[in-house]
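In what follows, a single structure is set out as structure tokens and then discussed.
Letters go in sequence order (proteins before strands), and every chain restarts at 1.
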Amino acid sequence: MKKERFCDMLRELSVALDILGEDKYKVQAYRRASSSIKASQLKFELDKQPESIRFFEEKLVSLPYVGKKIAAKAIEFINEGVFSEYERVFSKIPISLIELSSVQGLGPKKIRKLWKELGITSFDDLYRCLEDIDCFDRFKKLIGKEAKKIKENVEFLWTSKSEIPAWIVLDLLIGILGDLPFDSPGEGGVLIAGELRRGKETVSQYVPILYTSDTFFDSIIAKIRSNFKYNRLDESGYKIAVFRGGVKRDVVLRFIKYGENDRGWKFIRYTGSENHLLRLQEIASCKDPYFFSSSKFYGLEEKDIYNYFALPFIPPEVRESGEEIDMAADGALPPLVSIDDIVGDFHCHTNASDGWHDIEEVARLAVSKGLKVIAITDHSKSSFMANGLSEDRIIEHIKRIKTADSKIEGIKILAGAEVDILPDGSLDFGDDILSMLDIVVASPHFKLDQTPHDATARIIKAIKNRFTDIIGHPRGRILGKRKGIEIDIREIALCAKIHNVALELNSQWMRLDLDSDALKIVNEVGALVAINSDFHSRKDFLNSFYGVKVARRAMIDKKVCINCWSEDAVAKWLSRKNG
DNA sequence: GCCGTTTTCGGCCCGACTGTTTTCAGTCG
């Protein structure tokens, strides 16, 4: 958790220096160092021996983009909990100003203007200003014609403020618990319930956490107190202010104790959803609000309680509208994909574009995660920012992938690319290059403000390209930041089905794109689905577990999920374009 | 601030878009 905090601080520093008008390469250096340390395996633990400090410093400096100065800041941070450069900069600039950088259309220059000339120092300030006629007038004078668009973006963020992207809470909980127990209780009997257990992509600020052990609970609280500056315990739970993701969010961890006898119903009660619980009560013809705590459920496990209602166990992810209960009663719940079924990952980046590891490192990590087939899919040339590969570079890259494939045992490595879908729907590489690739993930990355009609036509055209195998993150949304394109998902799913193209559920926690509602439509139509990690760095193979939860919400069957297929089945599917 | 050297300082992923300041600054991906 210390490491994550330090990386966040470097990133905050980078944004602050940008607003203050510092050299842009210095700004970039802090940002890169933050990502580099985050992607590393380095642990932020240090005893005070000079030996171990020197060893730690050597490790830090060996990381890309980390030099002596940032290493010194890290050591200062570990010893003091903060570093002087951070304090120096944030004595000049309010920390809450950082929030404004998550508004689309506001860069460092405009943020500086808003701060210096309108006295706006936080996202809430900005929202209030835009709602006020006089203040909005001054805002328009300052910003010019883009003012209206920025106002829309602020309102989008404001309305989505009560919906916290799940990843922000997941990151927080990993920091506190070290693990994410959803299915069965972890250390101290801890089980994360609520919307996160149900795999929702955005959640409310209240996170129910169940536990049995008082000593473990005490250790968690001690950890929160020592590690979070902005926290407070009140009757609703432990409130922690999280700055991650730009806008400040209050997350409230509600700790609920359970024992041997009330475990079953508490798991059900605190997992929800409300509609699911109401439907269960309807079945029992009971209006008593304390229904679930009644003695008839004492000593029963979750599954036993469902049996009491003559139902099979209902997976948490599908407990939503209440209709799932009737489906379960009819035996109509399909077998759902599970994380253990995932043996393939068809969207992985290396340091040839914007990933952090080379081909062999990625493959070895994949082997250690139990994967049997992966696709290396670095960016194509139009993704300049991501160091996308030119035609010459991708040809060389394909050769390197083939070499790695022959060298590394226990996994099939496909030579692929994540090829940009250009605004008109054509792909960023010509047929000569596309035909050399084992697998093509076609994804939209820019010009994401098209009309629904144009955006749908763009994706449809990409599906119809005979070399396309998967449409990557079809909407291009970033949770809590960018809406992405609006597309006619039914039309796209129908087209994908005809052309035997898979639609991706990109499991990057900031994307989760397609979302579960869209996937329900894909499922109805019967098109193929790919649950991919969009691997960039070491921790990213973890992404898929939450992606799988989102897929389970949509009741995706493992038969249509290409990540569950054997190597032979994948090869057969990919060979269709040779016919 | 980092890197890679022609070892001590210059270069650092960059093209498209937008609006307006009509020649470029600001932002995005």
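Annotated as syn: dT7(B), whose O4'-C1'-N torsion sits within 90° of 0.
Here L448(A) lies out of heavy-atom contact (under 4.0 Å) with every strand. Residue contacts shown for V27(A) are absent, as no nucleic acid heavy atom lies under 4.0 Å away. In this structure, V61(A) reaches neither bases nor backbone, as no heavy-atom distance under 4.0 Å exists between it and the strands shown. Within the 4.0 angstrom heavy-atom criterion, only backbone atoms of the sugar-phosphate kind lie near K110(A); the bases stay farther away. No contact: R112(A) has no heavy atom under 4.0 Å from any strand. Within 4.0 Å (heavy atoms only), L63(A) reaches sugar-phosphate atoms of the nucleic acid but no base atom.
Spacing between atom CD1 of I150(A) and atom P of dT27(B) amounts to 8 Å, rounded to whole angstrom units. Rounded to an integer number of Å, the gap from CZ of R31(A) to C1' of dC13(B) is 11 Å. Taking atom CG on L422(A) and atom P on dG29(B), their separation rounds to 16 Å, with Å as the unit. Rounded to whole Å, the distance from CG on D449(A) to P on dC17(B) is 11 Å. L13(A) places its CG atom 12 Å from the P atom of dC2(B), with the value rounded to the nearest Å. Atom CD in E85(A) sits roughly 11 Å away from atom P in dC2(B) (whole-Å rounding). For the pair D354(A) CG and dC28(B) C1', the computed distance is 16 Å after rounding to whole Å. Spacing between atom CG of L389(A) and atom C1' of dC13(B) amounts to 12 Å, rounded to whole angstrom units.
Each of F6(A), Y86(A), F56(A) was checked for a ring pair (Phe, Tyr, Trp, His ring centres under 6.0 Å) with F77(A), and the lone residue meeting it is F6(A).
On the C1' atoms, dG1(B) is 23 Å away from dT6(B), given to the nearest whole Å. Straight-line distance between the C1' atoms of dC2(B) and dT8(B): roughly 14 Å, to the nearest whole Å. Spacing between dG4(B) and dA16(B) at atom P, rounded to whole Å, works out to 29 Å. Comparing the P positions of dG26(B) and dT21(B) gives an interatomic distance of 13 Å, to the nearest angstrom. Comparing the same atom, C1', in dT20(B) and in dA25(B) gives a spacing of 10 Å after rounding to whole Å. Across dC17(B) and dG11(B), the matching P atoms stand 29 Å from one another, rounded to whole Å.
Salt bridge status for R477(A) with E201(A): present, with a side-chain N to carboxylate O gap under 4.0 Å. Salt-bridge annotation for E361(A) and R364(A): absent, with no side-chain N of the basic residue lying under 4.0 Å from a carboxylate O of the acidic one. Between R5(A) and E12(A) a salt bridge is recorded (basic side-chain N to carboxylate O distance below 4.0 Å).
Pair check for dT8(B) finds none; no Watson-Crick or G-U wobble contact set falls under 3.5 Å.
Between H357(A) and F535(A), the two ring planes are tilted [angle within 30° to 60°].
Distance from the side chain of Y65(A) is smallest for dC2(B) among the nucleotides dG1(B), dG29(B), dC2(B). With dG1(B), dG29(B), dT18(B) as the candidates, the nucleotide lying closest to the side chain of R482(A) is dG29(B). The side chain of K109(A) has dT27(B) as its nearest neighbour among dT27(B), dG29(B), dC2(B). Checking dC2(B), dC13(B), dG19(B) against every side-chain atom of R32(A), the shortest atom distance belongs to dC13(B).
Comparing I70(A) and K145(A), the nucleotide of DNA chain B nearest to each residue sits closer to the 5' end for I70(A). Of the two residues contacting DNA chain B, namely Y25(A) and G144(A), the nearest-nucleotide position lying further toward the 5' end is that of Y25(A).
Between the OG1 atom in T121(A) and the NZ atom in K116(A) there is a gap of 12.0 Å [rounded to 0.5 Å].
A close approach under 4.0 Å does occur between a side-chain nitrogen or oxygen of Q28(A) and OP1 or OP2 of dC13(B).
Where stacking is scored as ring centres under 5.5 Å apart with planes under 30°, F384(A) does not register as stacked on the base of dC14(B).
For the pair K151(A) and F136(A), the cation-pi test (distance below 6.0 Å, angle within 45°) is passed.
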